[in-house]
Amino acid sequence: MKLIIQIPCYNEEESLPEALACLPREVPGVDVVEWLIINDGSKDRTVEVAKAHGVDHIVDLPVNMGLAHGFMAGLHRGLAEGADIIVNTDADNQYNADDIPKLIQPILDREAQYVIGARPIPDIEHFSRTKRFLQRLGSRVVQIVSRTDVADAPSGFRALHRDVALRINVFDSYTYTLESIIQAGLSDFRIVSVPIRVNGETRPSRLVKSIRDYVRRSISSILKAFFVYKPGKTFFLLGLPLALFGAALMLRWLILYFGGTDRAHVPSLVAAAVLLITALLFWVAGLLGELFAINRRLLQDIQYMHRQDRAERDTAARLLRERGAAHPDVAPPGRIMGGPPR
């Protein structure tokens, strides 16, 4: 059983040593623990610091591509290195690394496949009242959409079983936290939360540049999740008030018309028609969205099989390289004994 702890990094030269110093090299129930960092186009000495502190694997992205892209790049590399469990944490050391055994225990006990570390939000002093409210709101929305009981959806301290890492996709360029839970929940993976501890604030969050920006991006992420993963319900609810209001206007017009009114009430008739047609368009969009969702699930199954095959081939190639380094008479990677170069 191999555990890989990944840390997305962007200009973390100063904070990374402390974060790495807290990471474990041995965890109960796990045979091998390795560290992986995703250097998201850092312009400082993040990579050099990581190498100096014994990081096992480094994903070096050429430019800053965002937290969500870095998270996915780390999962892909972790799978290629043969990880059975992947733990994601932050380079600013806000999460207490001593809780990693607690975080992965539900996976080891076969009680869950995706575990989210739930921070004590009310007790975190550097969280403003607005941020605490947004944390609760985001978690509540994710619970509704994903059909899960996640207490702290925006938490970046999480553990994923290999199967979840193979299936997960993130389309939001801002953050992976909300969407990955929604997708895993709708894919019928077992998700649980465990309480974890946090350390003091080491630096201001780079994800939250300002409350206004955080609110705007969070609302965008939440709405996008609704439209992508719950298109039928979302478009039905959008069209429902229009349909009710249009039906009321139409009923009023019919009552007046058959009651022998002297006026034509054309504006009411036109407004009712516009509202009802708009509602119908919303519902058609919802139907099309549900059909696209079926297609998306089929594509996800194909992608899962492709990723699984690729991860197995990458793992086999890594083992072959290690065996070749230990035994020079073993064929090196890229060449089969007795055959031509690949």
Side-chain angles (χ1 to χ4, degrees), residues 1-9 16 19-20 22-40 50 54-61 67-91 93 95-118 150 153 155-170 175-185 187 189-194 196 300 303-304 307-315 318:
M1 176 76 71
K2 176 184 282 192
L3 166 67
I4 289 185
I5 305 172
Q6 71 170 36
I7 306 178
C9 297
L16 188 58
L20 292 175
C22 296
L23 294 184
R25 277 298 187 181
E26 295 182 358
V27 175
V30 174
D31 301 313
V32 180
V33 178
E34 295 178 352
W35 302 346
L36 180 154
I37 73 158
I38 306 98
N39 179 44
D40 192 13
V55 170
D56 302 283
H57 313 289
I58 297 176
V59 178
D60 195 8
L61 302 178
L67 183 60
H69 187 94
F71 173 76
M72 290 302 301
L75 293 188
H76 294 161
R77 179 61 179 272
L79 291 170
E81 296 296 337
D84 298 292
I85 302 174
I86 299 175
V87 166
N88 185 85
T89 188
D90 283 359
N93 200 36
Y95 305 110
N96 193 323
D98 292 338
D99 286 336
I100 289 178
K102 182 193 299 185
L103 192 70
I104 69 170
Q105 195 60 47
I107 296 178
L108 296 177
D109 293 339
R110 296 178 177 267
E111 295 176 353
Q113 297 157 290
Y114 199 177
V115 184
I116 312 297
V150 176
S155 171
F157 195 43
R158 50 187 63 194
L160 300 84
H161 186 272
R162 181 180 180 85
D163 281 345
V164 178
L166 283 167
R167 284 191 180 273
I168 211 77
N169 285 302
V170 177
T175 181
Y176 61 89
T177 54
L178 307 183
E179 185 178 357
S180 62
I181 296 174
I182 292 171
Q183 186 178 139
S187 298
F189 286 113
R190 173 67 174 164
I191 306 176
V192 299
S193 294
V194 297
I196 54 103
Q300 284 177 346
Q303 182 187 57
Y304 170 77
R307 285 179 174 176
Q308 190 175 39
D309 179 65
R310 180 178 176 180
E312 289 174 354
R313 286 189 282 110
D314 289 342
T315 301
R318 175 178 53 81

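To the nearest 0.5 angstrom, Asp60 atom CG is 4.5 Å from Asn39 atom CG. Going from atom CD of Gln6 over to atom CD of Glu34 covers 13.0 Å, rounded to the nearest 0.5 Å. Between Asp314 atom CG and Leu79 atom CG the span is 9.5 Å, to the nearest 0.5 Å. To the nearest 0.5 Å, the span separating CD1 on Ile85 from NE2 on His161 amounts to 7.0 Å. Atom CG of residue Asn88 and atom CD1 of residue Ile4 lie 12.5 Å apart, to the nearest 0.5 angstrom. Atoms OH and CG, from Tyr304 and Asp163 in turn, are 4.0 Å apart once rounded to the nearest 0.5 Å.
Counting heavy-atom neighbours within 6.0 Å of Arg25 CZ, excluding the residue itself, gives a total above 12.
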query = Checking side-chain contact (heavy atoms from CB on, under 4.5 Å) for the pair Phe157/Asp99: CA distance, chi angles, key distance, verdict?
reply = CA-CA 10 Å; Phe157 195 43; Asp99 286 336; 4.2 Å; yes

task = Mind running side-chain contact (heavy atoms from CB on, under 4.5 Å) on Leu61 and Ile38 for me, showing each step along the way?
result = CA-CA 7 Å; Leu61 302 178; Ile38 306 98; 4.1 Å; yes

request  = Starting from the C-alpha separation in whole Å, work towards a yes-or-no answer on side-chain contact (heavy atoms from CB on, under 4.5 Å) for Asn169 and Gln303.
outcome  = CA-CA 10 Å; Asn169 285 302; Gln303 182 187 57; 2.6 Å; yes

task = Go through Arg167 and Arg307 one step at a time and tell me if the side-chain contact (heavy atoms from CB on, under 4.5 Å) criterion holds.
result = CA-CA 8 Å; Arg167 284 191 180 273; Arg307 285 179 174 176; 5.8 Å; no

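Closest approach of Leu23 and Ala97 over heavy atoms only: CD2-CB, 4.1 Å. Arg158 approaches Ser180 most closely through the heavy-atom pair NH1-OG, 3.0 Å. Pairing each heavy atom of Tyr114 with each of Ala159, the nearest pair is CD2-O, 3.3 Å. A pairwise comparison of heavy atoms in Gly117 and Leu103 identifies N-CD1, 3.7 Å as the closest pair. The shortest non-hydrogen separation linking Ala50 to Leu16 is CB-CD2, 4.0 Å. Considering every non-hydrogen atom in both Asp31 and Met1, the closest pair reads OD2-N, 2.6 Å.
No donor-acceptor distance shorter than 3.5 angstrom exists from the side chain of Trp35 to the backbone of Ile58, with no hydrogens or angles considered.
A heavy-atom distance below 4.5 Å is found between the side chains of Val33 and Ile5. With a 4.5 Å cut-off on side-chain heavy atoms, Leu20 and Ile7 count as touching. With a 4.5 Å cut-off on side-chain heavy atoms, Leu3 and Ile100 count as touching. Proximity of Met72 to Ile168: side-chain heavy atoms (C-beta onward) are separated by under 4.5 Å at one or more points.
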